[in-house]
Every structure is written in C-alpha cells, then in structure tokens.
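In what follows, chains are A, B, ... by sequence order, proteins preceding strands, each numbered from 1.
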Amino acid sequence: MVLKLYNTLTRKKEEFRPIKKGEVGIYTCGPTVYDCAHIGNFRAYVFEDVLKRYLRYRGYRVRHVMNLTDVDDKTIAGSKKEGIPLNEFTARYIRIFFDDIKTLNIEPAGVYPKATEHIDEMVALIKKLLEKGVAYHGEDGSIYFDISKFEGYGRLSKVRFDESKESKERTKLDEYAKDEVRDFALWKAWTPRDGDVFWDTEIGKGRPGWHIECSAMSMKYLGDTFDIHAGGVDLVFPHHENEIAQSVSATGKRFVNYWVHNEHLLVEGRKMSKSLGNFYTLRDLLERGHDPNAIRYLLLSSHYRQKLNFTFKRLNAARNTVQRLSDFLDRIKNAGGLVGKEWNEKLHKETIKTKERFDDAMDDDLNTPRALAAMFNLVNRTNRAIENKNASKENLEEVYDLFMKFDSVLKILEHREHKKDEIPEELEELIKRREEARKRRDWETADSIRDLLKEKGVIIEDTPDGPRWKKINTDP
RNA sequence: GCCAGGGUAGUCUAGUGGUUAGGCAGCGGACUGCAGAUCCGCACUACAUGAGUUCGAAUCUCAUCCCUGGCUCCA
C-alpha cells in the first residue's frame with residue numbers, strides 16, 4: 001500500500017510521491033503569537049504531528065518548517081497595549097506555545113522561522129513581483145498583489161471571481177487604496193498606529209503583509225517547490241490561495257504538491273468563540289484536571305477532515321479509553337504468572353494482521369479512527385488469550401512492541417515508557433500497611449486504607465501478583 | 001447567493017453494493033474477602049425521509065427534511 005493524502009487542490013485522495021526519494025519537505029502554518037493557542041489550533045498541530053510521525057514511520061526523512069507570525073495587527077496592538085516592545089511581547093507567547101506543544105507530545109519542527117527575522121527575503125520576493133508587473137503601489141504607499149494577473153487564482157479554494165454585484169458594492173463601501181477588493185497587501189506602508197514597528201527598506205517604510213511571510217520562508221527553507229503544505233481549512237482562502245499566487249508568480253514553478261487541510265473543531269456543537277464562552281486554551285483544560293493524553297486521543301478519535309465536536313463528555317470518555325489502553329500495556333508488560341508457556345501462533349498472526357490494518361488505515365488519508373479500532377481489536381484478543389493462559393511471554397512482548405510502534409505515531413499512551421510513577425513515601429507506607437491488614441484478613445482496616453488512598457488520588461487493585469496502584473485523574 | 005461537510009444502536013466515531021463495526025456509558029454473569037482490572041453475555045444487526053437502479057442498497061441515483069462550517073482576522 002501507498003500513503004494517500006487528500007489534496008485540497010484536486011479534491012481527491014492522491015498517492016503521495018515525494019519530490020526527492022525518501023525525503024519529505026513539509027510546511028505548516030504556525031501560530032500568530034499574540035495570545036495562547038486554543039484547542040482548535042491544537043487540533044491542527046496534533047494532526048500535523050501525526051502526519052509527520054506517520055511519514056517517519058513509513059521511513060521518510062522529514063524536514064518540517066513551521067512559521068511563527070510575530071508581526072501583524074494583533075501582535076502590534078498587544079505590545080502597544082502593554083507598553084512593551086513587540087519582540088518582548090511575542091517572546092512570551094512563543095514560550096507558551098512551546099510549553100503547550102510539549103504537553104501534548106507534539107514534536108517540534110526542525111525550523112521555526114519568525115516573520116521579523118525574514119524581512120529581507122520578503123522584500124526580495126516583493127521586488128520580484130513588482131518587476132514582473134503583478135504587484136503595484138496603492139495610493140497609500142502599500143504594495144498590493146494584482147490577482148487579475150494570476151491566471152490560476154481561485155484554483156485551490158474554488159472561489160470564483162467574476163465581478164459580482166456584491167463585490168463591486170463592497171469596493172465602493174470601503175475606502176480601499178487598492179484597485180480591486182480581492183487584491184491583497186504584500187507590504188503595508190507605515191501608519192502612526194504601527195508606532196515603532198516598521199522596517200525601512202528598498203520598497204518603503206512599513207511591514208510585511210500576512211501572506212508573504214509564508215511564501216518567503218517556506219521557499220527559503222524547503223525550496224521553490226516542496227511536498228506538503230498543511231493547515232486548517234480556514235486558511236484555504238485567502239491565505240493559501242494568496243501564497244500560491246505570490247510564489248508561482250515569482251518563480252514560475254509549481255509551489256506545493258500536496259495541500260492538506262484539517263477541518264475545524266466545534267465546542268458543544270457550536271463554533272468556538274470567546275463570546276459564546278466555549279473558548280478553551282490547553283491551559284484551561286489542564287486547570288480543570290484533564291489529561292493531555294486524553295485531549296490528544298480525543299483530537300485523533302475523529303478523522304481530520306471531519307468536523308470534531310469537542311465536549312467534556314467526550315473528553316471524559318477519552319480519558320477512560322486512554323486509561324484502558326494504558327492498563328492494557330501495564331498488564332502485558334507485567335503479566336508475570338498470568339502468561340502461558342506456549343507460543344500462540346494464532347495470536348501472533350493476529351498481531352501481524354493488526355499492523356497491516358493499522359498501516360492500511362493510516363495509508364488511507366490518515367484514518368486514525370480506523371487505526372484505533374484495529375488496535376482495540378488486538379487488545380481484546382490479547383486479553384482473551386491472557387485470560388485463557390494461552391499467550392506466551394514472547395507473544396506479549398510482540399504485542400507490546402507493536403503498540404509502542406503505533407504509539408510512535410499517535411503518542412496517546414503514557415509518555416513515561418512505563419517506568420513506575422513516583423508516589424510519596426507515606427503512600428507507599430500505606431500500601432504496605434494495607435497488605436499487612438489483608439494478610440490478617442482485617443478487611444475493615446484494609447478497605448479504609450484503600451479509601452484513604454483513593455482520596456489522595458491513588459487507586460489500589462489487588463492482583464494475584466500482589467497489589468498494583470495507579471494514579472487517577474480528578475477530571476470534572 | 002456561492003463553496004463545503006454531515007445526519008450510523010443510549011452516546012460518540014469508522015466503514016462498506018451482499019459477510020459478526022470500534023470506543024465510551026449501562027445491565028446480568030464469571031473471577032474477587034470486597035472493590036478494581038479482565039473475560040463471557042445482553043439491549044443491538046444500526047445507518048434522516050421518500051422514490052428509483054439492482055438478484056440484493058445503509059452504501060449508487062434523484063428528490064426532500066434537518067444540522068454545521070467557510071466565503072472578513074481565524075487551526
């Protein structure tokens with residue numbers, strides 16, 4: 001099987017073929033660092049993370065570039081409001097962003113170019129567009145891209161640009177300095193509102209438009225044509241459409257081979273927005289006691305091109321699911337006296353088949369729900385084999401290794417590689433005392449200690465091999 | 001208006017022209033001092049509605065109803 005990805009450009013699943021054998025260049029639109037990212041942002045980042053990890057699982061070397069938009073209306077407004085320099089303001093949110101992706105087990109990109117550090121590249125690109133006559137100076141001194149000069153405009157988003165009545169009316173309504181509403185800014189001339197945020201360049205005093213940074217930086221780090229460009233659906237238009245226009249006009253080459261876009265996330269059935277009060281950052285969820293693994297699992301439990309309805313009910317269900325998987329791994333890791341002696345050929349075949357099913361599902365446009373279903377199937381079969389003492393140590397090791405392999409892509413199992421969690425000594429002591437009570441058949445003492453431990457967030461399970469404990473989440 | 005995506009058992013998600021869907025929740029049983037975990041079983045053969053194509057449709061076609069998103073900064 002070959003990996004297939006749904007390409008927004010063709011609206012079809014296409015076999016993925018990299019430009020350079022064994023290597024993939026991928027550019028993902030990163031955060032505008034003026035605030036904490038929210039769970040909708042993280043759906044995109046987690047999806048991109050899984051895409052990247054799966055490519056690697058498939059044996060590709062991946063070069064991943066993610067931009068940090070650190071100059072735009074919002075970052076300027078934010079820094080002005082706080083009376084601190086722009087870079088100081090954005091540094092704070094960049095730090096938070098990196099903390100957050102670490103929490104969600106998102107692997108950092110290889111390069112995180114900042115817009116403010118690539119002004120030269122952007123200016124060079126804009127100059128090229130001016131020379132080619134596809135860009136023009138507006139009355140306000142800003143530089144705009146003339147979309148009528150780019151034949152393929154609208155191909156990605158399938159937006160048609162006939163001179164509709166509506167758009168003409170809007171041109172009249174707003175006082176635009178540009179010729180046509182759909183034309184977009186490459187370079188924004190300085191205005192007093194920008195304060196000390198400006199660059200004095202050959203093309204004037206001002207700052208870059210939003211779209212140009214992605215064209216300039218992606219091509220700088222990945223080449224004029226690269227493999228995959230990813231982002232949320234909202235970016236299809238106008239952002240990515242504009243990137244194509246700029247890049248192709250400048251180089252005359254194809255810009256990106258595969259455009260992949262993830263659908264949005266709804267919260268309790270509605271669009272997430274601050275006014276509806278259903279706007280959550282990762283920090284909000286952590287404060288409520290939710291487990292990052294559960295959040296990540298929830299984000300992967302629907303297909304990425306499907307709208308995902310984020311609810312607390314589902315998040316709690318996700319926590320239980322992740323817990324069960326984690327329990328399962330603990331079980332097969334420490335099966336001890338539970339295992340049989342004989343190699344179970346049937347379970348072995350089932351294990352092999354599970355890998356095939358997982359790979360097939362992921363090859364099919366990263367169908368994570370189907371991949372998860374394959375995993376649960378093996379969980380059930382393995383549990384049954386253990387129950388019947390019909391699995392050998394080697395069988396269980398094989399299953400365990402396979403799950404670790406799956407988790408190198410999904411990253412929803414415990415991060416701690418199953419080394420024992422630390423718990424305070426006093427709790428260890430309680431567990432010991434409870435065991436002593438149980439030996440005396442003093443159930444009353446044993447049970448009260450168990451309740452006490454539960455209050456302290458530790459659940460005790462008695463097994464034939466002695467007591468086992470695990471921490472519990474205290475989700476709402 | 002234009003461009004999209006949906007409606008699948010209590011619930012959430014996959015999927016498919018004919019064969020037992022996966023998770024979560026619930027109930028009963030086994031196991032256990034009890035609990036938990038696990039196993040077995042149950043509700044349960046489920047696909048918005050109507051018509052058509054077909055030997056056969058939940059899947060394909062047409063129509064209808066309902067939900068959501070984008071078209072302006074947005075993952």
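- Among the atoms of the strands shown, base atoms are found under 4.0 Å from some heavy atom of A:R450.
- The pair A:D49-A:R296 meets the salt-bridge criterion, with a side-chain N (NZ, NE, NH1 or NH2) lying under 4.0 Å from an Asp/Glu carboxylate O.
- Note: CG (A:L298) to P (B:U13) measures 10 Å, nearest angstrom.
- Of the candidate nucleotides B:G33, B:A37, B:U13, B:U13 has the atom nearest to the side chain of A:N309.
- The interatomic distance linking A:F358 (CZ) with B:A14 (P) rounds to 16 Å, in whole Å.
- Atoms CZ (A:R434) and P (B:G36) sit 13 Å apart, rounded to a whole Å.
- For A:N344, the side-chain hydrogen bond (donor to acceptor under 3.5 Å, both in side chains) criterion is met by no residue, not counting sequence neighbours.
- Among the atoms of the strands shown, only primed sugar atoms or phosphate atoms (P, OP1, OP2) are found under 4.0 Å from some heavy atom of A:N367.
- Across all strands shown, B:U72 forms no Watson-Crick or G-U wobble pair with both distances under 3.5 Å.
- Residue-to-nucleotide contacts include no donor-acceptor pair under 3.5 Å from the side chain of A:R305 to the base of B:G5.
- A donor and an acceptor atom, one from each side chain of A:E444 and A:S448, are nowhere located under 3.5 Å apart.
- With respect to A:E263 and A:K307, a salt bridge is recorded, a charged nitrogen being found less than 4.0 Å from a carboxylate O.
- With centres under 5.5 Å and a plane angle under 30°, the ring of A:W443 is stacked against the base of B:G33.
- Remark: A:D407 does not engage A:R53 in a salt bridge, criterion side-chain N to carboxylate O under 4.0 Å.
- Nucleotides B:C47 and B:C12 have their P atoms positioned 15 Å apart, rounded to a whole Å.
- The gap from the C1' atom of B:U59 to that of B:G7 amounts to 15 Å, rounded to the nearest Å.
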key: Worked verdict on A:Y57 versus A:Y54 for ring pair (Phe, Tyr, Trp, His ring centres under 6.0 Å)   = CA-CA 5 Å; A:Y57 172 98; A:Y54 188 65; 5.2 Å; yes
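- Electrostatic pairing of A:R43 and A:E48 does not count as a salt bridge here, judged by no charged N lying under 4.0 Å from a carboxylate O.
- With both ends at atom C1', the span from B:G17 to B:C71 equals 37 Å, rounded to whole Å.
- Of the nucleotides present, B:U38 is the one that pairs with B:A30 by Watson-Crick or G-U wobble criteria, both distances under 3.5 Å.
- A:N41 comes within 4.0 angstrom of a base, heavy atoms only.
- Among the protein residues, A:L265 comes within range of the nucleic acid bases, having at least one heavy atom under 4.0 Å from a base atom.
- Pairing of B:A46, defined by two Watson-Crick or G-U wobble distances under 3.5 Å, is not identified with any nucleotide.
- Distance CG (A:L235) to P (B:U72): 14 Å, rounded to an integer number of Å.
- When distances run from any side-chain atom of A:E461 to the nucleotides B:U38, B:A37, B:G22, the shortest one goes to B:A37.
- Contact annotation for A:E48: no contact, since no heavy-atom pair falls under 4.0 Å across all strands.
- Taking only side-chain nitrogens and oxygens, A:K271 comes nearer than 4.0 Å to OP1 or OP2 of B:G70.
- Within the 4.0 Å cut-off from OP1 or OP2 of B:U38, not a single side-chain nitrogen or oxygen of A:R384 is found.
- Between the C1' atom of B:G23 and the CG atom of A:L308 lies a distance of 14 Å, rounded to the nearest Å.
- Between B:U45 and B:G15, the distance separating the two C1' atoms is 15 Å to the nearest Å.
- In the set B:A14, B:U68, B:C24, B:U68 carries the atom at the smallest distance from any side-chain atom of A:L266.
- Using a 4.0 Å heavy-atom distance criterion, A:N320 is classed as a sugar-phosphate-only contact.
- The side chain of A:P238 approaches B:C73 more closely than any other nucleotide in the set B:G22, B:C73, B:G33.
- Taking atom C1' on both B:A14 and B:C24, the two are 15 Å apart, rounded to the nearest angstrom.
- If you check every strand for non-hydrogen atoms under 4.0 Å, A:R370 touches sugar and phosphate atoms only.
- The distance between atom CZ of A:F310 and atom C1' of B:A75, rounded to the nearest whole Å, is 14 Å.
- Nearest to the side-chain atoms of A:A373 among the listed nucleotides B:G22, B:G5, B:U38 stands B:G22.
- In this pair, A:H264 lays its aromatic ring flat on the base of B:A75, centres within 5.5 Å and planes under 30 degrees apart.
- Using a 4.0 Å heavy-atom criterion, one finds that A:D73 contacts no nucleic acid atom at all.
- Among B:G23, B:C12, B:U72, the nucleotide with an atom closest to any side-chain atom of A:R314 is B:C12.
- Between A:D359 and A:K355 a salt bridge is recorded (basic side-chain N to carboxylate O distance below 4.0 Å).
- With no hydrogens or angles considered, a side-chain donor-acceptor pair links A:D365 and A:Y304 at under 3.5 Å.
- No contact: A:R155 has no heavy atom under 4.0 Å from any strand.
- When both distances must be under 3.5 Å, the Watson-Crick or G-U wobble mate of B:A51 is B:U61.
- As judged by a 4.0 angstrom heavy-atom cut-off over every strand, A:H38 is placed among the base-contacting residues.
- Nearest-nucleotide mapping onto RNA chain B: of A:S301 and A:V233, the residue sitting toward the 5' end is A:S301.
- Note: CG (A:D442) to C1' (B:G33) measures 12 Å, nearest angstrom.
- B:C24 is paired with B:G10 under the criterion used here, namely a Watson-Crick or G-U wobble arrangement in which both key atom distances are under 3.5 Å.
- When the C1' atom is compared between B:A57 and B:G52, the two are found 11 Å apart, to the nearest whole Å.
- Contacts of A:I460 with the nucleic acid, taken as non-hydrogen atoms under 4.0 Å apart, include base atoms.
- Contact check, A:N316 against B:C24: no side-chain N or O comes under 4.0 Å of OP1 or OP2.
- Atom-to-atom, CD of A:E241 to C1' of B:U72 comes out at 16 Å; the value is rounded to the nearest Å.
- A distance of about 10 Å separates the P atoms of B:A21 and B:A46, rounded to the whole Å.
- Side-chain atoms of A:A317 lie closest to B:C24 of the nucleotides B:C24, B:C34, B:G69.
- Listed nucleotides: B:G23, B:C40, B:G33. Nearest to the side chain of A:T321: B:G23.
- Looking at which nucleotide of RNA chain B each of A:A44 and A:N388 is closest to, the 5′-most match is held by A:N388.
- No donor-acceptor contact under 3.5 angstrom links the side chains of A:D70 and A:T75, judged on distance only.
- Distance noted for atom P between B:U61 and B:A4: 15 Å (whole Å).
- Between A:R331 and B:U38 there is no side-chain polar atom (N or O) within less than 4.0 angstrom of OP1 or OP2.
- Using a 4.0 Å heavy-atom distance criterion, A:G231 is classed as a sugar-phosphate-only contact.
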